[in-house]
Structure formats: C-alpha cells, structure tokens
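A quick write-up on the structure given underneath.
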Amino acid sequence: MSALSKLSPSITDMIRFDHSHVMVTFHQYTGTTRPSVKKALAETICDAVEIHATLEEEIFYPVMRGLAGGEPVIQKSPAEHEEIKRLIANLRATDASDFRHDGLMHELMRDIMHHVADEETVLLPEAERMLSKDRLNELGAQMTRRRLELLSPKAGKVAKNTLVGFSGSTTAIVVGLASAMMAAKFISRRHA
Ligand SMILES: [Fe+2]
Ligand SMILES: [Fe+2]
C-alpha cells in the first residue's frame, strides 16, 4: 500500500463530503432569485452529482456488490442514478428564468436526498463494517485519482460556475475553500 493511500481520506468520508457539498449548494439556490446565479448553482450541482455518480459506479458500487450483492440498496442504486441523470438533462435544457426550473431543481433534490439517505444509513456503515481502514483509504485514493481525471476537462467551467454561485455567500466560500484546501493537500502529498 502506497504512502498516498495511507494518508488519503477514506472513500466513505469522501462520499459523505460530496453529499454535503451538494446540499450546501442547494441551500444557496433556495436563497437566491437571480436567474444567472440559479443557473450557475444548478450547473455546479449537476456537474458534482454526475462526477460523484460515475465515481460510485466505477469504484464503490462494484466493491459493495462483491461484499453484499443481495442488499436491496445496492441493487436499486444504479437505476436511481439513471433517474437522477434524466432529471439533470431536463434541468440543463431549461432556462433558469423559466418557472419550471425551480420545480425541476426541487424534484432532482428530492430524488438525491432519498438516494443519499439510503447510502448514508445502509451502504456506508456496511462498507465501514466490512472493509479495513487501510482498504477504505486505498479506495479513497483511487477515487481521488479518478476524480482529477474526470474534473480536468471541466475545470474552467466548474471554476466559473463556482465563482458566480459564490457571489454573496459566506457558507459557499467556506465550503469552496475547504475543497480547495483538500485538493492542495492532496497535490502536495502527491509530490512529497
Ligand atoms: Fe449514489
Ligand atoms: Fe452518493
């Protein structure tokens, strides 16, 4: 096991962090009436959820299927991701000044909250019971490597939407700084 894997946050903590980031961003959405800010926040959520879903599908779910394939939550999770992706496509195709944008955003968040609750109350505790701390950290490092690959083509767009979404929001700035610090720590460890 590499030094990087040992230092990495566990995959389960990273999944929880991603969930909280989406919830905080949604909270910013409900607090604004400006269509340009709404669109930027909605795009931040859509990009973050798409990357998160891919990471779970490629790394976390296969491990969980191997450990507890009969578990109903792991069986229904990929179909729930598909439904979430369908709502993301509808939301992206809708103008933020269109009255349907809020409805679609709320529908997407209802689905996400339901899905996240199952992961946080069933899958993550199960993973932490069945896998060693080293294995959880190793999977966390694998997730970070893949995340950087998935993020790089979107880097400019993600930064721009994050900045617009940040306007006037202290919480978002704090969360954004925390993510930036996590990334910086990861990169400095990588070159240590
Ligand atoms: Fe998921
Ligand atoms: Fe998740």
Side-chain angles (χ1 to χ4, degrees), residues 5 8-30 41-92 104-133 135-154 158 161-162 165 171-172 175-176 178-180 182-183 186:
S5 300
S8 171
S10 68
I11 189 166
T12 44
D13 280 347
M14 280 186 176
I15 289 175
R16 288 188 187 96
F17 182 86
D18 280 356
H19 294 166
S20 324
H21 171 239
V22 168
M23 294 309 299
V24 170
T25 311
F26 175 62
H27 187 68
Q28 305 308 317
Y29 181 96
T30 59
L41 291 166
E43 268 306 306
T44 299
I45 290 175
C46 292
D47 285 337
V49 170
E50 267 178 350
I51 289 180
H52 178 82
T54 303
L55 293 171
E56 286 184 339
E57 286 160 20
E58 289 184 4
I59 301 168
F60 185 58
Y61 290 172
V63 171
M64 291 314 289
R65 257 195 298 275
L67 290 173
E71 166 60 61
V73 173
I74 189 68
Q75 285 180 354
K76 69 178 181 156
S77 282
E80 289 182 358
H81 278 191
E82 289 315 307
E83 173 60 14
I84 287 170
K85 287 175 199 167
R86 189 186 65 77
L87 286 169
I88 286 177
N90 286 347
L91 186 65
R92 283 202 170 121
L104 282 166
M105 185 77 241
H106 290 137
E107 197 184 339
L108 174 64
M109 285 311 296
R110 263 197 307 277
D111 275 18
I112 289 176
M113 282 184 220
H114 173 87
H115 177 77
V116 159
D118 279 346
E119 287 183 346
E120 296 205 2
T121 57
V122 180
L123 291 189
L124 302 183
E126 216 158 62
E128 285 167 348
R129 233 182 2 255
M130 297 170 94
L131 297 167
S132 69
K133 185 84 186 81
R135 179 74 177 131
L136 291 166
N137 293 353
E138 196 177 82
L139 289 166
Q142 202 180 321
M143 199 168 187
T144 302
R145 278 193 295 271
R146 183 69 180 124
R147 185 191 302 274
L148 293 175
E149 280 172 20
L150 293 169
L151 261 174
S152 59
K154 293 189 179 204
V158 169
N161 285 324
T162 305
T171 322
V175 171
S179 323
M182 263 179 74
F186 172 79

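All ligand and atom numbering here is 1-based and tracks the order in the structure.
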*For E58, check side-chain hydrogen bond (donor to acceptor under 3.5 Å, both in side chains) against everything at least two apart and list the hits.*
R146
*May I ask you to say whether R65 pairs ionically with E71, meaning some side-chain N is under 4.0 Å from a carboxylate O?*
no
*For H81, ring-ring contact (aromatic ring centres under 6.0 Å, His included) partners two or more places apart*: Y61, H115
*Salt-bridge present (R135, E138; N to O < 4.0 Å)*: yes
*Taking only Lys NZ, Arg NE, NH1 and NH2, and the carboxylate oxygens of Asp or Glu, determine whether R86 and D111 approach each other closer than 4.0 Å.*
no
*asked:* Using a cut-off of 2.8 Å, how many protein N, O or S atoms sit around the Fe ion (ligand 1)?
replied: 5
*Just jot down the side-chain hydrogen bond (donor to acceptor under 3.5 Å, both in side chains) partners of Q75, sequence neighbours excluded, or say none.*
none
